[in-house]
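When a residue number appears, it is its place in the shown sequence, counting from 1. Note that the coordinates shown come from a computational prediction; the quantities given were computed from them, not determined experimentally.
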Amino acid sequence: MKSIFEYVERSYKRFPDKTAFVDADASITYSELYNYSRSIATAVGRLGTRNCPVAIYIDKSVKVPSAMFGIACSNNFYIVVDTEMPKERVEKIFETLSPVAIVTDEAHLEKARELGVESVIIYEDAISKPADDELLAKIYDRMIDTDPLYALFTSGSTGMPKGAIINHRNVLSYSAWFVKAFDITEDTVFGNQTPFYFSMSVSDVFATINAGATLCIVPKVYFAFPIKLIGFLNEQKINTIYWVPSAISIVANMQLFKYAKPEYLKKVLFAGEVMPTKQLNYWIENLPEDTMFANLYGPTETTDICTYYVVDRKFENGESLPIGKHCDNCDVMIVKEDNTLAKVGEEGELYVRGSFLFLGYYNNEEKTSAALVQNPLHNYYPELVYKTGDLVKENERGEILYITRKDFQIKRMGYRVELGEIEAAASGIDKIEESVCVFDKKKDQIILVYQAKKLDEVEIINALKGKIPAYMMPDRYEKVKLMPHNQNGKIDRKLLENDLCEK
């Protein structure tokens, strides 16, 4: 297998009339997905380009997967653009990417044309025309599994977004692990929360077409009205979710299971940020004993995930969950500052090697060479490994424990302080719904930002004194009515830093 589109073709042959994707307004069968994708591949393929970027400018809906797989089938690679993203950021991405075409629908045609891309392909027009079998056969003949499949853009420290390039082999290898590890089958019904421009969507989207499963796009508004969320899960008979912890925590913070429970849910997977155990325990205590809970860890640059932990024991509120062990066909190493392997209990940076690793950042040699480096453990042959920038250690059980980002680690009064450790302690305090620490470099102050009802600063200080040493105690406590989240559903640290820290 050399192309991800072969997943679509295989599932189409097995389940032509089965629903592949569902949104609030429409659904699409595997037969429709196959045919629409090939029609879009024909429209893109007639441009005569190979391995070039093609943007998708469509609202999150069942249309997007057809565009994704169509571009992949044309031997070009896609970039999903958020239609609500400010035009200035889209222009920054396009400045790096220079897409050869943009696929949009009639609803966004006017805005898409303003983005300055020469070739504009209208979704409705493309899918109304038959595929060119001869053209697509010629295109497929030239393809190889290391051709790029998509680009995902992450925030750059300089303000210029970085585009991580993932190839077909990355996703084929990654999806094979994901489907096996979590027993994804044609009976799986995903409840998708994350945007299609976020790396977490790679797991449920590609696992869906690999296994012949069904993916239901959860309307974003339901996370603001969570009682409707539970109703949607039951209505669609969703049995598997893969969400960011902030989304899972909404249900726990509102104690929604008093009023309704998901009747079909069997697997609860989460990634993207640290999962607070207090909110996780709420789910565990309220769902059947045979429900699987798993903590997945990995950056965009490792396709999505490089380590995972299936929860197999009780954790107290405020304890940190392990990020577990390496995925199959993906190896990780904990490397100390002297470029030697860390022993059990020793802290080091997590490095990743194997088939999940991205190709590099598009049109950004400097960032690529800083992230993908020669394996520091040998110089016998070229082997690029990825430096995650995350500090971890291994416990006595052989599990990897996440500590913090290297750039979240600060030096204070001669001590190294992990902001993540303070956050974990704060999240275990009764009444705190969400919390995050930011560091004001100019004032040398640790700021604890928290969302809670009927909880004052003195209570937090007293609770933290029993959990962390004095040198780690925050200098300021900022209560917010509602914690800000970015488009991916994660707590928006940068926004808080901009608002609270002196420039």
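Not one N or O on the side chain of Glu91 forms a donor-acceptor pair closer than 3.5 Å with the backbone of Gly116. Between the Arg405 side chain and the Thr388 main chain, a donor and an acceptor come within less than 3.5 Å of each other. Within the 3.5 Å criterion, the main-chain N or O of Tyr362 finds no donor-acceptor partner in the side chain of Asn364. Counting only distance, with no hydrogens or angles, the side chain of Asp141 and the backbone of Ala137 share no donor-acceptor pair below 3.5 Å. Asn281 places a side-chain N or O within 3.5 Å of a backbone atom of Phe315 that can act as its donor or acceptor partner. Put simply, the side chain of His168 gets close to the backbone of Ile4: a donor and an acceptor are under 3.5 Å apart. Side-chain atoms of Thr19 do not come within 3.5 Å of backbone N or O of Phe21 as any donor-acceptor pair. Remark: side-chain polar atoms of Thr302 are not paired, donor with acceptor, to backbone N or O of Gly298 under 3.5 angstrom. No donor-acceptor pair under 3.5 Å is formed between the side chain of Lys18 and the backbone N or O of Ser11. Listed for the Gln374 side chain is a donor-acceptor partner under 3.5 Å among the backbone atoms of His378.
Distance CG/Asp331 to CZ/Arg353: 4.5 Å, rounded to 0.5 Å. Distance check: Ile209 CD1 to Glu9 CD gives 11.5 Å after rounding to the nearest 0.5 Å. Here the CG atom belonging to Asp304 is positioned 3.5 Å from the OH atom belonging to Tyr242, to the nearest 0.5 angstrom. Going from atom CD of Gln193 over to atom CD1 of Ile248 covers 8.5 Å, rounded to the nearest 0.5 Å. Put simply, CD1 on Ile238 and NZ on Lys266 are 15.0 Å apart, with the number rounded to the nearest 0.5 Å. Note that CD1 of Ile217 and CG of Asp59 are 10.5 Å apart. Values are rounded to the nearest 0.5 Å.
Using a 4.5 Å heavy-atom threshold, the side chains of Tyr7 and Leu172 count as touching. In this structure the side chain of Asp105 never reaches within 4.5 angstrom of the side chain of Ile122, judged on heavy atoms. Side-chain atoms of Ile241 and Lys267, non-hydrogen and from C-beta on, never get closer than 4.5 Å to each other. Contact annotation: the side chain of Asn239 approaches that of Thr188 to within less than 4.5 Å [non-hydrogen atoms, C-beta and beyond]. Side chains of Leu149 and Met68 form no contact here, defined as non-hydrogen atoms less than 4.5 Å apart. No side-chain heavy atom of Lys129 sits under 4.5 Å from any side-chain heavy atom of Thr42. With a 4.5 Å cut-off on side-chain heavy atoms, Phe190 and Ile184 count as touching. Leu152 is not listed as a side-chain neighbour of Ile166, based on a closest heavy-atom distance of 4.5 Å or more.
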(request) Walk me through it: do Thr146 and Asn167 pass the test side chain to side chain donor-acceptor pair (under 3.5 Å)? (result) CA-CA 5 Å; Thr146 53; Asn167 64 27; 5.3 Å; no
(request) Decide yes or no on side chain to side chain contact (heavy atoms under 4.5 Å, CB included) for Arg38 and Phe5, but give the supporting numbers first. (result) CA-CA 10 Å; Arg38 283 170 49 83; Phe5 191 73; 3.7 Å; yes
(message) Applying side chain to side chain contact (heavy atoms under 4.5 Å, CB included) to Gln236 and Val218, what does each step give before you reach the verdict?
(response) CA-CA 10 Å; Gln236 298 293 336; Val218 181; over 6 Å; no
(request) Mind running side chain to side chain donor-acceptor pair (under 3.5 Å) on Asn210 and Ser175 for me, showing each step along the way? (result) CA-CA 7 Å; Asn210 183 348; Ser175 180; 3.1 Å; yes
(message) Run Asn170 and Thr303 through side chain to side chain donor-acceptor pair (under 3.5 Å) and show every step you take.
(response) CA-CA 6 Å; Asn170 295 147; Thr303 306; 4.6 Å; no
(request) Before giving the answer on side chain to side chain contact (heavy atoms under 4.5 Å, CB included), spell out for Ser320 and Thr277 the whole-Å C-alpha distance, their side-chain angles and the decisive distance to 0.1 Å. (result) CA-CA 7 Å; Ser320 295; Thr277 47; over 6 Å; no
(request) Could you walk me through whether Glu434 and Ser249 pass side chain to side chain donor-acceptor pair (under 3.5 Å), step by step? (result) CA-CA 8 Å; Glu434 287 191 289; Ser249 294; 5.5 Å; no
(message) Assess the residue pair Trp177 and Phe182 against the criterion (ring-ring contact (aromatic ring centres under 6.0 Å, His included)); give the C-alpha distance rounded to whole Å, side-chain angles, the decisive distance to 0.1 Å, and a yes or no.
(response) CA-CA 9 Å; Trp177 164 76; Phe182 302 111; 5.6 Å; yes
(message) Run the side chain to side chain contact (heavy atoms under 4.5 Å, CB included) test on Leu401 and Glu394 for me, step by step, so that the C-alpha distance in whole Å, both residues' side-chain angles and the decisive distance to 0.1 Å come before the verdict.
(response) CA-CA 6 Å; Leu401 303 177; Glu394 184 181 333; over 6 Å; no
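Note on Arg169 versus Asp147: no salt bridge recorded, every NZ/NE/NH1/NH2 to OD/OE distance being 4.0 Å or above. Between Lys60 and Asp23 there is no salt bridge, since none of the side-chain N atoms of the basic residue sits less than 4.0 Å from a carboxylate O of the acidic one. A salt bridge links Lys314 to Glu285: one of the charged nitrogens lies within less than 4.0 Å of a carboxylate oxygen. Under 4.0 Å is where a charged nitrogen must lie from a carboxylate oxygen, and between Glu186 and Arg14 at least one such pair does. Contact check on Glu399 versus Lys325 returns no salt bridge, with no Lys/Arg side-chain nitrogen under 4.0 Å from an Asp/Glu carboxylate oxygen. Salt bridge annotation for Glu6-Arg10: absent, with no cationic side-chain nitrogen under 4.0 angstrom from a carboxylate oxygen. Salt bridge annotation for Glu124-Lys63: present, with a cationic side-chain nitrogen under 4.0 angstrom from a carboxylate oxygen.
Neither side chain, Thr96 nor Asn363, offers a donor N or O lying under 3.5 Å from an acceptor on the other. Between the side chains of Asp390 and Tyr297, at least one donor N or O lies within less than 3.5 Å of an accepting N or O. No donor-acceptor contact under 3.5 angstrom links the side chains of Asp17 and Thr29, judged on distance only. Tyr309 and Asn295 are not linked by any side-chain donor-acceptor pair at a separation below 3.5 angstrom, with hydrogens and angles left out of the test.
Aromatic ring pairs are classed by plane angle as parallel below 30°, tilted from 30° to 60° and perpendicular above 60°; the pair Phe356 and Tyr174 is perpendicular. Ring geometry for Tyr30 against Phe15 counts as tilted: the plane angle lies between 30° and 60°, on a 0 to 90° scale.
Remark: aromatic rings of Phe69 and Tyr34 are distant, center separation not under 6.0 Å. The aromatic ring centres of Phe77 and Tyr150 sit 6.0 Å or more apart. You'll find the ring centres of Phe257 and Tyr282 inside the 6.0 Å limit. Aromatic pair Trp243/Phe223: centroids less than 6.0 angstrom apart.
In this structure, Lys490 is not positioned above the aromatic face of Phe198 in the sense of NZ or CZ being under 6.0 Å from the six-membered ring centre and within 45° of the axis. Judged by a 6.0 Å distance limit and a 45° cone about the ring axis, Lys162 is positioned over the six-membered ring of Tyr361.
By the neighbour-count criterion of 12 heavy atoms within 6.0 Å, atom NZ of Lys180 is sparsely surrounded, having that number or fewer from other residues, nucleotides or ligands.
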